[in-house]
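Structure first, commentary second.
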Amino acid sequence: MQTVQPRSLPLRLPRVRPGGVLPILAILAVLLVLVGIRQPDFLAPQSLMSFLGRSAPIILLAAGQYFVIVSGEFDLSVGSLVTAQVVVAARLIDSDPARTWPVVLLLLAFGVLVGLVNGLITTRLRVPSFITTLGMFLILVGAVYLWSDGAPKGGLSEEFRRFGRRAFEDVPLLGRVPYALLVLVVLAVAAVLLMRSDFGRTLVAVGDNPRTAELSGVRVWRTRTFAFILSGLAAAVAAILLGGYSGVSFQAGAGLEFGAITAVVLGGVALGGGRGAVVGAMLGALTLELLFALMNFYGVSGALRSTVQGAIILLAVAVSATRSSSR
Amino acid sequence: MSDPPPTPLLTLRGIGKSFLGVRVLDGVDLDVAPGEVHAVVGENGAGKSTLMKIVSGGYAPDGGTVEFAGARRTFRGPRDAQRAGIGIIHQEFNLLPERTVAENVYLGHEPVRRGLVDRRGMLDRTTRLLASVGETTLPADARVGQLGVAQQQVVEIAKALALDARLLIMDEPTAALADHEVELLYGLVRRLQERGIGLLYVSHRLAEVFDLSGRITVLKDGRRVTTVDTADTTADELVRHMVGRELSSYYPDRAAPEDRGPVRLNLRDAGNRKLRDVNLQLRAGEVLGIGGLQGSGRSALARAIFGVSPFTTGDVTLDDRPVRLRSPRTAMRAGIAYVTEDRKGEGIVPRQSVLDNALLASRAVFAARSGRAARTTRVRELLAAVEIRGAGDDQEIRFLSGGNQQKVVLARWLALNPRILLFDEPTRGIDVGAKSAIHDLVRRLARDGAAVLMISSDLPELLGMSDRIVVMRDGHVAGELPAGATEEEVVALAVGTVREPAQ
């Protein structure tokens, strides 16, 4: 073989589509390598499974937030919704196993209701969703305090807690697979299928240009309201998993809305809607969790979490904004 | 051409201007004498607004010279032109509704006494200024928001006079006025003339132009066609100057009389906020052209039929059955399709793929009815049939040319098998090749039995494509013309030089 002239080499980078999942996969890969260098044990199936199970709630919230953001809106209420759900569940179950399933159904209905109200206020009363869901956030916080007289009451049943806590033991190759991971996989597949359906394509179109969508016969208000409902449902499932994993407190859902939004943006989804994949949003959440794990391994203070999150959200939005305007 | 009156106030020589390589003004000469009303007329896009913006300092010309009050000037901006003595009264007023007349008139240069705004002095001066143009009933301390449109216009004029304007530009000053208010404006214009102020008067309405002006300059496609003494010309002659071009391009054959089917859509005395008493019939198999000036209600008509801003009065029947078209959705279910004028803002979802754009309407309205796979196959066939060149189905639509984007939008609607198609400026901003492809497609649809309504500002297109032409003016039907009508006839109806429809 002769020496190949460097110039004659066709430079073929994979075409990076704006809104695609390649960038986030690359970031995830880099983080995995860094984790592998610092803490090789972490990559063993056992701990990896457990990490994925722990991350399931935020990944689900990111998926829920994705539906809302890709349709051109925001949902700031999910964090306090998670808290409300956990506190409500504890009080209603009151450690009675027989009440587990009715309460689970009630929580899901609660999530749907909150999403419905958010959606209707935003689309029918034309309140910007930022304000609507901020209002909902405050309402839920206040209502939960009021309802529980300032301290969580009752307790979750073991039946309830197993979703977030237990696992299939002795699975070949993987070892211990948390129930939460199974829930995550099922819902993630459902989310991907939903985004490929007519509804999913229409949802993104609404976020891209609501005028065109309306003039093409889309009921924009219904589509967006449904996105809020999905976000509320995701919060309900996340609350069930989180309640089981970390127990009942007023802090159960604190800050999760920003975590979810950061994850969605990190996953290449455009704020304002119209671009991005639900897989990207979920990978974004996973990346964020991995980053926090990595910070932990390097002994970076956990107090920096929100600072890091803030920096990521600014950076990610700035990158996507300059990239899309330079085309 | 007539001799210009002595010592012109404003002299323009060879004014040119391009935007993004498109020449919108080319070598325009014009002059205005003190006390003269000089009218500027022309079709939409003839370059009138651009020219006025150059005179008032909004744009700098690429070529040519502006001489004002005997000196060559290069205005650095509107304020510079204002200080020099050139005022402009826009169609849309620039007033603060919460402030008084006097505060508006002296906004930014309030009379000052001992470091404070001299309110009394300001009121007195405003009252005198208003009186000087014959306005004695308007209190200087009235809140502008409470005034009628005509009075607000007076305030705008007083504002210009407070800056010692010697040349006033009026851009469609009567557009917002009721009939009786127009008379007041006439009186105002005469008094400004008496004070020796020069007026540049831009209007679509030829009646006013003849009532007020001493000379008329006709612009067409960015060039000055002629300048004539108003006394020496007629409305017909002006219209001929305004359009005067050859019908050159090729258009598909029109429908034969026997191809025209029954009345599909019938509007009786239909109206809403922008339309009144519209009577119109749209037949299967025909292309009905809708002409008229911008803002004459052409788009409002299409949007009312499609349920975007529905009719509030009158009756609509579809195939002889009364219908209420309350939303785009109901209109679509009734078999109506609407290709909007604003392709970027309302026609495409820019960051979605060609295929997603083409499927948008089918997914939204007829999702349950048809199988997904069959639907996608059909839309792919349609995309192939409209001949989108150089783009895959998976490409984001915003990277396509305007013509290809429009073809995708067409495919979206064709997928619904519409029986009535509303096209609003279907070929605006589209290259020639795509244009004739769309013309062919529109005609083919009509031949296959669809009823087509096509709005166009492009007169050759309107005349070349239409089996009948309905011309709109001020929100109602000004008249109907048969195939073979001339551009002059369309423009005459659009600007209102003839009262009765020419049959």
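Note on naming: letters A, B, ... go to the chains in the order of the sequence lines (proteins, then strands), and numbering restarts at 1 for each one. No experiment lies behind these values; they were computed from the predicted model shown. Side chains are part of it too, since the values below use all heavy atoms of this structure and drop only hydrogens, waters and symmetry mates.
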I need the residue from A:Ala270, A:Ala213, A:Ser197 with the largest number of non-hydrogen atom pairs under 4.5 Å to chain B. A:Ser197
Mind listing the side-chain donor-acceptor pairs of residues 59-69 of chain A below 3.5 Å, one per line with the distance, residues two or more places apart or on another chain?
from    : atom 1 : to       : atom 2 : distance (Å)
A:Gln65 : OE1    : A:Asp75  : N      : 2.9
A:Gln65 : NE2    : A:Asp75  : O      : 2.9
A:Tyr66 : OH     : A:Gly276 : O      : 2.8

Quick one: do A:Asp208 and B:Arg398 make a salt bridge, cutoff under 4.0 Å? no
Using 4.0 Å as the upper bound for N to carboxylate O, is an ion pair formed by B:Glu341 and B:Arg298? no
Counting heavy-atom pairs under 4.5 Å with chain A, the top scorer among B:Gly307, B:Ser353, B:Pro350 is B:Pro350
Output all residues satisfying side chain to side chain contact (heavy atoms under 4.5 Å, CB included) with A:Leu25, sequence neighbours left out; order by chain, then residue number. A:Val21, A:Leu283
Side chains of B:Arg303 and B:Tyr338: closer than 4.5 Å at any heavy-atom pair? yes
Under the rule for side chain to side chain donor-acceptor pair (under 3.5 Å), what residues qualify as partners of B:Ser456, not counting sequence neighbours? B:Glu461
Can you tell if the side chain of B:Leu421 reaches within under 4.5 Å of the side chain of B:Leu445, non-hydrogen atoms only? yes
Top contributor to chain A interface from B:Leu360, B:Leu416, B:Val409 [non-hydrogen pairs under 4.5 Å]: B:Leu360
Decide, yes or no, whether a salt bridge links B:Asp342 with A:Arg211 under the criterion of side-chain N to carboxylate O below 4.0 Å. no
Just to be sure I understand the criterion: a residue of residues 109-134 of chain A counts if one of its heavy atoms is under 4.5 Å from a heavy atom of chain B. Which ones qualify? none
Is B:Ser327 close to chain A through its backbone or its side chain, or both, or neither, when contacts mean heavy atoms under 4.5 Å? neither
